[in-house]
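Notes for the one structure printed next.
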Amino acid sequence: MPQPFYITTTLPYVNADPHIGFAMEIIRADTIARVKKLAGHEVFFNTGTDEHGLKVYRKAKEQNIDTQAYVDGLSAKYKELLPQLGILPEIAFIRTTDPRHKKAATEFWNKVNAHGFIYKKAYSIKYCVGCELEKTESELIDGRCPLHPAQDLETIEEENYFFKWSQFQEKLLKFYEANPTFVIPEFRFNEIKAFVARGLEDFSISRLASKMPWGVPVPGDETQVMYVWFDALVDYISTLGWPDDEASFTKWWVKTGGVVQYCGKDNLRQQAAMWQAMLMAADLPPSKTIVINGFITGDGGLKMSKSLGNTVDPLEVIREYGTDALRYYVLRELTAFEDSPFTLEKFKDAYNAHLANGIGNLTSRILKMVTTYGITLSEEEKSIRYYTVEIADQFTDSFDLSKKAGEVWQKIAMLDEHIQRTEPFKKIKTDPEDAKKDVHAILVHLYEIALMLEPFLPATAVTIQNLIKEHKMPEQPLFMRK
RNA sequence: CGCGGGGUAGAGCAACGGUAGCUCGUCAGGCUCAUAACCUGAAGAUUGUCGGUUCGAUUCCGGCCCCCGCAACCA
């Protein structure tokens, strides 16, 4: 029996509507989860929403609504998006405002504190609301945050709790060395190693509740709430039922050797260094792998922004082209780890070339011959499986889904070429028996393509499999040309 | 010297010490089973720039130039 497998996305922060980047991240994680599942692994797949912190608190105030009501609304939006993206229905959805999460965050804090890694310190520091980060003098230009020059810095003078991150520099470096594929891709791993090697500073992990009450209360000190990062990262274990459900935690976190975490490149430090140090401080095992995605950009590699008008709404794409078309694009056409552009023109080109003219047309031409000539698959041929533990391991070795999807389309191209070369549609007139044998062999290949396609385009894969089993032509093209 | 990514055919990407492949697009031909689809062929790149190492560099090293992200919707 294959080992259980645990994979999670980062929790999107609910200060805006879901965007294409989150769609990409969760579709990729979903594909890995599906591959593992098809190979026979038991899979725990997690996502959810990160709902605390100053930005959310302010946004709700701005709109003059209750903070809880505000996050309820946005969290629901994210949850409703999942089926539209073709995400496995059994996915776990943890909210950082869930009581069980807050309980876990509290317990986590207690453990880290008991081990002596939390201390209280008075400090006065410039804080940039835009970054949600403290700024040191060296980071400022003319006394302003260079990233948010229009925004006044806030001076925070208060007693906060700090996490002794500085104590984990050596441990982290050792851990990285012992786990040479901990962060994927390698250039991101180098980046975080260099960052940690430069030295770590303790970071503040609480806020004064009188200023910013929207957070998990610090245990034993009702004047403070936890800093949003400290509480949010705990979601990867709170979703498993930690600390109450020991069996679940052992199964999914300990026996699997840790979680596979998908995240964007802006999350490198938090996931690969802060969170790992926090786990060490709580005396819990580390994550297994951190996979860092690039960003989706607009045309020419420019950042997507509303002011440039080059944003892409995932729901709009789905409405026009369908779920699997969006999945295809973020899995195959966008580069695996670098930034890559998403424009509707590029999308349409890829859609026509590889979905309409590719798998869609191939299915039609084969099934036309199959139904006309009366070709069927045997029970044995219909019961084959494609995904094995070995193949699934290839996926989690490289996490290069674009390459893996490419293998499917290579097979599609080969089949198109094969049909052209052997011309069974001609041969049927001269040597029908032989032609039927050819078409049968072709059908077996199409069936295998449908199996390979399952984690990538789950709906399309099932449609093709059913058409073959029911011996039918598609009533309308699988992917209409646009 | 803040950190990081990148500059390869019209576009998006590969490759990697032995003068460059893929996909899309373009052009020509073929086929008719198919969604005006599919197949074949062609055109199209002095691999940002200067210098070094080398028998030989796009690939290694150094300098320079340019673009982009690290803000605003942050994964």
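Remember, predicted model here, so these are calculated numbers, not experimental data. Chain letters run A, B, ... following the sequence lines, proteins first, then strands; residues in each count from 1.
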Nearest to side-chain heavy atoms of [X], which nucleotide of [options]:
X: A:Glu423; options: B:G5, B:C31, B:C3; value: B:C31
X: A:His354; options: B:C33, B:C74, B:U23; value: B:U23
X: A:Glu417; options: B:U40, B:C38, B:C74; value: B:U40
X: A:Ser364; options: B:A34, B:C3, B:A37; value: B:A34
X: A:Arg365; options: B:C38, B:G69, B:G5; value: B:C38
X: A:Asn361; options: B:C39, B:G12, B:U35; value: B:U35
X: A:Thr335; options: B:A37, B:C33, B:A14; value: B:A14
X: A:Glu191; options: B:C74, B:C38, B:G4; value: B:G4
X: A:His19; options: B:G5, B:C74, B:G12; value: B:C74
X: A:Asn357; options: B:C74, B:C38, B:U32; value: B:C38

Strictly by Watson-Crick or wobble contacts shorter than 3.5 Å, is anything paired with [N], and which nucleotide is it?
N: B:U40; value: B:A28
N: B:A45; value: none
N: B:A9; value: none
N: B:A57; value: none
N: B:C3; value: B:G69

Closest non-hydrogen atom pair between [X] and [Y], with its separation:
X: A:Lys382; Y: A:Leu377; result: CE-O, 3.5 Å
X: A:Glu201; Y: A:Trp165; result: O-CE3, 3.3 Å
X: A:Thr47; Y: A:Leu11; result: C-CD2, 3.6 Å
X: A:Pro12; Y: A:Gly48; result: CD-O, 3.1 Å

Nucleotide [N], atom [atom2] - distance to [atom1] of [X] in whole Å:
X: A:Phe425; N: B:A34; atom1: CZ; atom2: P; answer: 10 Å
X: A:Phe195; N: B:G2; atom1: CZ; atom2: C1'; answer: 12 Å
X: A:Tyr329; N: B:A11; atom1: OH; atom2: P; answer: 15 Å
X: A:Phe337; N: B:C68; atom1: CZ; atom2: C1'; answer: 20 Å
X: A:Asp416; N: B:U32; atom1: CG; atom2: P; answer: 16 Å
X: A:Arg269; N: B:G4; atom1: CZ; atom2: P; answer: 10 Å
X: A:Lys59; N: B:C74; atom1: NZ; atom2: C1'; answer: 11 Å
X: A:Leu478; N: B:A37; atom1: CG; atom2: P; answer: 17 Å

Any [X] side-chain N or O less than 4.0 Å from OP1/OP2 of [N]:
X: A:Arg481; N: B:A37; result: yes
X: A:Asn267; N: B:C74; result: no
X: A:Asn15; N: B:C74; result: yes
X: A:Lys346; N: B:C24; result: no

Given the [atom1] atoms of [N] and [M], what is the spacing between them in whole Å?
N: B:A15; M: B:U8; atom1: C1'; answer: 10 Å
N: B:U23; M: B:G44; atom1: C1'; answer: 15 Å
N: B:G17; M: B:C64; atom1: C1'; answer: 24 Å
N: B:C67; M: B:U40; atom1: P; answer: 42 Å
N: B:U19; M: B:U47; atom1: P; answer: 14 Å
N: B:U54; M: B:C61; atom1: P; answer: 16 Å
N: B:A20; M: B:G63; atom1: C1'; answer: 26 Å
N: B:C22; M: B:A9; atom1: C1'; answer: 12 Å

- Query: Are A:Lys346 and A:Phe342 in a cation-pi setup, meaning NZ or CZ lies under 6.0 angstrom from the ring centre and within 45 degrees of the ring axis?
  - Reply: no
- Task: Answer yes or no for A:Lys265 and A:Phe295: cation-pi contact, defined as NZ/CZ to six-membered ring centre under 6.0 Å and angle to ring axis within 45°.
- Result: yes
Classify [X] by what it touches in the nucleic acid, base, sugar-phosphate, or nothing, heavy-atom distance under 4.0 Å.
X: A:Pro424; value: nothing
X: A:Ile20; value: nothing
X: A:Phe187; value: sugar-phosphate
X: A:Ala356; value: base
X: A:Ile428; value: nothing
X: A:Arg421; value: nothing

- Task: For the residue pair A:Phe456 and A:Phe395, categorise the inter-ring angle as parallel (less than 30°), tilted (30 to 60°) or perpendicular (more than 60°).
- Result: tilted
- Message: Evaluate A:Arg34 against A:Asp30 for salt bridge (Lys or Arg N to Asp or Glu O under 4.0 Å), listing each step before the verdict.
- Response: CA-CA 6 Å; A:Arg34 284 175 183 272; A:Asp30 178 75; 2.8 Å; yes
- Going by the side-chain hydrogen bond (donor to acceptor under 3.5 Å, both in side chains) test, name the single residue among A:Arg365, A:Lys411, A:Arg421 that passes it with A:Asp416. A:Arg365
- Item | Residue whose nearest RNA chain B nucleotide is more 5′ - A:Asp339 or A:Asn352 | A:Asp339
